[in-house]
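Naming convention: chains lettered A, B, ... in sequence-line order (proteins, then strands); numbering from 1 in each chain. No hydrogens, no waters, no symmetry mates; every other heavy atom, side chains included, goes into these values.
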There are 2 protein chains.
Amino acid sequence: MRCVMVQIPKTPAPALPAPRSVPTSADVARLAGVSRATVSYVLNNTSAVRISEPTRRRVHEAAKELGYVPHAAARSLRAGHSRMVLMPTPSFAAGPLYSRFLRDLQLALGRLDYTVVQHGGVGLHGDEAARAWAELRPVAVLVSGSGLGPKGVTVLKRSGARAVVTLGPDSVEGAHTLLMDFEAVGHCAGSHLYQRGRRRIGVVLPEEDNLEAFSTPRLEGVRRALHGTDATVTTLPLAYTEESAARLAARWRDLGLDAVFAYNDEYAMLLMRALQDEGVDVPAETAVMGADDLMLGRLLRPRLSTVHIELPSSRDLAELVDRAVRDPGAAPATHRVLGATVVHRESS
Amino acid sequence: MRCVMVQIPKTPAPALPAPRSVPTSADVARLAGVSRATVSYVLNNTSAVRISEPTRRRVHEAAKELGYVPHAAARSLRAGHSRMVLMPTPSFAAGPLYSRFLRDLQLALGRLDYTVVQHGGVGLHGDEAARAWAELRPVAVLVSGSGLGPKGVTVLKRSGARAVVTLGPDSVEGAHTLLMDFEAVGHCAGSHLYQRGRRRIGVVLPEEDNLEAFSTPRLEGVRRALHGTDATVTTLPLAYTEESAARLAARWRDLGLDAVFAYNDEYAMLLMRALQDEGVDVPAETAVMGADDLMLGRLLRPRLSTVHIELPSSRDLAELVDRAVRDPGAAPATHRVLGATVVHRESS
DNA sequence: TTGAAAGCGATACCAC
DNA sequence: GTGGTATCGCTTTCAA
């Protein structure tokens with residue numbers, strides 16, 4: 001059933017008022033009948049200088065009348081620094097958990113009076129990207145995921161970034177690292193499944209791009225949990241499509257697995273559904289585990305067992321960035337962050 | 001089961017090389033033994049000027065040796081314009097559909113050689129936000145959702161933005177508007193349910209913040225579809241929690257509804273599960289419809305009927321922005337975008 | 001082919 | 001209290 005899809009071409013032009021050029025502080029000064037210096041003092045509330053009340057008013061009125069907005073680039077050029085925190089848009093498709101985290105982080109940094117800017121550096125390779133970010137002369141750079149090498153860190157620092165923080169599965173030389181230990185996630189899942197008596201364990205590896213950095217450590221974690229036991233690990237490439245899941249499910253009995261750790265809750269849901277459609281009983285025949293502890297897992301039947309991932313508090317992280325900015329000399333530290341907790345429900 | 005959560009304090013400091021100040025084109029010129037002008041010519045491949053090959057090489061080498069990165073602010077200050085497209089981070093939590101769309105858009109604009117920057121203007125009120133964006137002097141601003149008024153548009157244009165494009169449920173005076181007609185979504189859902197013989201129709205309104213701009217038009221669309229018929233519309237506030245859904249489900253039979261349009265697939269899944277737990281038969285007793293056509297709807301049982309929403313092609317949108325930038329005089333147009341199509345599955 | 005210098009917009013020091 | 005003015009880093013015109 002097709003509903004609506006219209007294209008309205010144009011509305012008639014309401015003759016624009018002459019496209020004045022953008023007002024500068026000089027314009028404000030002219031209109032207020034004072035010097036540019038005075039304008040600057042008034043608008044920045046410079047406390048070192050006392051300006052008479054009438055003058056203040058005149059300046060403020062002139063500024064408002066012209067619709068004056070200061071020019072951030074000019075200001076930071078003069079000042080020699082900005083308060084811009086640059087967060088490159090991650091190259092992987094962030095799930096709901098991560099998106100939310102990034103939003104909170106922006107908020108927390110905003111509260112510390114930083115201007116947070118996400119730079120869509122998609123399509124740039126490694127060091128090229130770092131260069132593009134460096135051109136903006138951010139006071140701090142916060143990179144999620146892999147994709148920044150030690151070379152990039154150097155470029156950024158050389159160009160004035162007082163803090164470079166990476167947030168991801170790998171530690172990067174020269175940068176403060178928030179090491180998201182995804183192995184712990186896999187380890188949790190692996191030991192849980194083992195404790196539940198499972199021995200032939202599958203691990204889903206998403207075929208989607210840019211996810212290896214996250215999926216490989218999870219796999220390694222499972223391997224580590226099972227190392228030295230009689231359990232086996234089988235890798236299961238899976239694309240996020242029904243067809244791919246159906247194909248995998250069709251050969252499930254041949255695989256002879258009694259458990260699967262499905263990367264995260266979304267892939268788990270996809271696979272669990274395909275297994276059920278194939279007549280595989282979950283959890284009797286095969287246990288299924290996800291990760292991320294999304295709402296959807298609670299809504300499935302059987303309820304999905306999962307690994308709850310606790311991301312670092314955005315307030316703490318914001319403060320870490322702030323500290324690093326204030327004391328750029330400090331040695332880059334590596335913090336291991338990520339709480340991983342098994343949430344045992346019904347699917348395992 | 002608690003697993004891992006460690007905090008490694010510090011790694012020892014590998015004595016940093018003297019924190020040199022950041023190299024400028026003047027430094028490059030000095031090192032290469034040429035003037036700053038020459039450096040600029042070489043590094044920008046200025047075709048109007050021929051520079052001897054040996055000089056070029058010297059400049060390039062000097063630049064590389066110093067790790068020189070040009071200063072974007074200084075450059076655009078001088079040039080009088082930048083190619084920055086500013087996209088304020090939406091105040092609402094973008095779902096997977098929308099996130100993906102924004103990513104694609106960034107990519108498409110990047111291909112047209114724009115620098116896309118998401119500005120985390122969270123916590124700023126209306127015109128205050130517009131001012132903050134204007135300080136960055138973007139060549140274009142692309143605002144999703146509501147939150148930008150005609151006043152804000154004026155501020156942005158006054159400060160040099162050659163294109164202001166809004167993308168959301170409302171049309172904004174003075175800006176190019178991509179009108180996302182969410183009424184059409186509600187209308188689709190409403191007429192579909194009516195055609196299926198449903199007469200007492202509930203409409204879920206999320207209680208989460210900043211979603212009214214999206215939920216109200218959907219509701220209106222349902223109302224419009226049912227106007228002049230014998231069907232009734234009941235609004236159902238619902239928070240995205242199991243408890244809220246359970247509460248709603250508990251009084252379901254009292255409500256006496258035979259269908260519900262649940263805002264989107266995620267709320268639909270939440271509610272459908274609660275209804276099923278309450279013993280309400282879907283679709284026999286109550287039909288459930290979502291929107292967004294997410295993967296998860298196909299995985300539910302019964303399969304979720306939904307409204308497929310077709311967002312504008314990111315390439316088209318990028319080109320629209322580009323055209324608006326090239327011809328800022330053109331009258332702001334309003335395009336009605338959004339394909340809404342019913343996907344009839346099993347839940348209705 | 002290269003260099004000197006003006007100027008983009010805002011700020012802060014130093015005179016008046 | 002207020003006004004000149006040098007300065008931030010870069011581009012570009014004009015001269016040499």
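- In this structure, B:T46 and B:A73 both approach DNA chain D, and ranking their closest nucleotides by distance from the 5' end singles out B:A73.
- Residue A:V34 is in sugar-phosphate contact alone, with no base atom involved, counting any heavy-atom pair closer than 4.0 Å across all strands shown.
- Residues A:Q106 and B:T89 form a side-chain contact, since some pair of their non-hydrogen atoms from C-beta on lies under 4.5 Å apart.
- With rounding to whole Å, A:R78 atom CZ is found 16 Å from D:dT5 atom P.
- Comparing atom distances between the A:S52 side chain and each of D:dT5, D:dT2, D:dG9 picks out D:dT2 as nearest.
- No side-chain heavy atom of B:K151 sits less than 4.5 Å from a side-chain heavy atom of B:T154.
- Between the base of D:dC10 and the side chain of B:Y41 there is no donor-acceptor pair shorter than 3.5 Å.
- For B:H81 and D:dT11, the NE2 to P distance is 11 Å, given to the nearest whole Å.
- Using a 4.0 Å heavy-atom distance criterion, B:A79 is classed as making no nucleic acid contact.
- Residue B:R50 places no side-chain atom within donor-acceptor reach of the base of C:dT1, judged by atom type and a 3.5 Å distance cut-off alone.
- Classification of B:R323 and B:D327 as a salt-bridged pair fails, no side-chain N sitting under 4.0 Å from a carboxylate O.
- Of the two residues near DNA chain C, B:S35 and A:S25, the one whose nearest nucleotide lies more 5' is B:S35.
- Rounded to an integer number of Å, the gap from A:R75 CZ to D:dG9 C1' is 18 Å.
- Other residues, nucleotides and ligands contribute only 12 or fewer heavy atoms inside 6.0 Å of the CZ atom of A:R315.
- DNA chain C is contacted by both B:T55 and B:R137; B:T55 maps to the nucleotide lying nearer its 5′ end (nearest heavy atom per residue).
- Nearest to the side-chain atoms of B:L77 among the listed nucleotides C:dC8, D:dT12, C:dA10 stands C:dC8.
- As rounded to whole Å, 10 Å separates atom P of C:dT1 from atom CZ of B:R56.
- Separating the NE2 atom of B:H71 from the P atom of D:dT11 is a distance of 12 Å, rounded to the nearest angstrom.
- In this structure, B:S40 reaches the bases: a heavy-atom distance under 4.0 Å links it to at least one base atom across the strands shown.
- A salt bridge does not link A:D127 to A:R131: none of the charged side-chain nitrogens sits closer than 4.0 Å to a carboxylate oxygen.
- Taking the side chain of B:R36 as heavy atoms from C-beta on, and the options C:dA6, D:dG3, C:dA10, the nearest nucleotide is C:dA6.
- Proximity of A:N44 to the phosphate of C:dT11: a side-chain N or O atom is located under 4.0 Å from OP1 or OP2.
- In this structure, B:L136 places its CG atom 15 Å from C1' of C:dA10, rounding to the nearest Å.
- Nearest nucleotide to the A:T24 side chain, out of C:dG3, D:dG9, C:dA10: C:dA10.
- B:R58 places its CZ atom 9 Å from the P atom of C:dG3, with the value rounded to the nearest Å.
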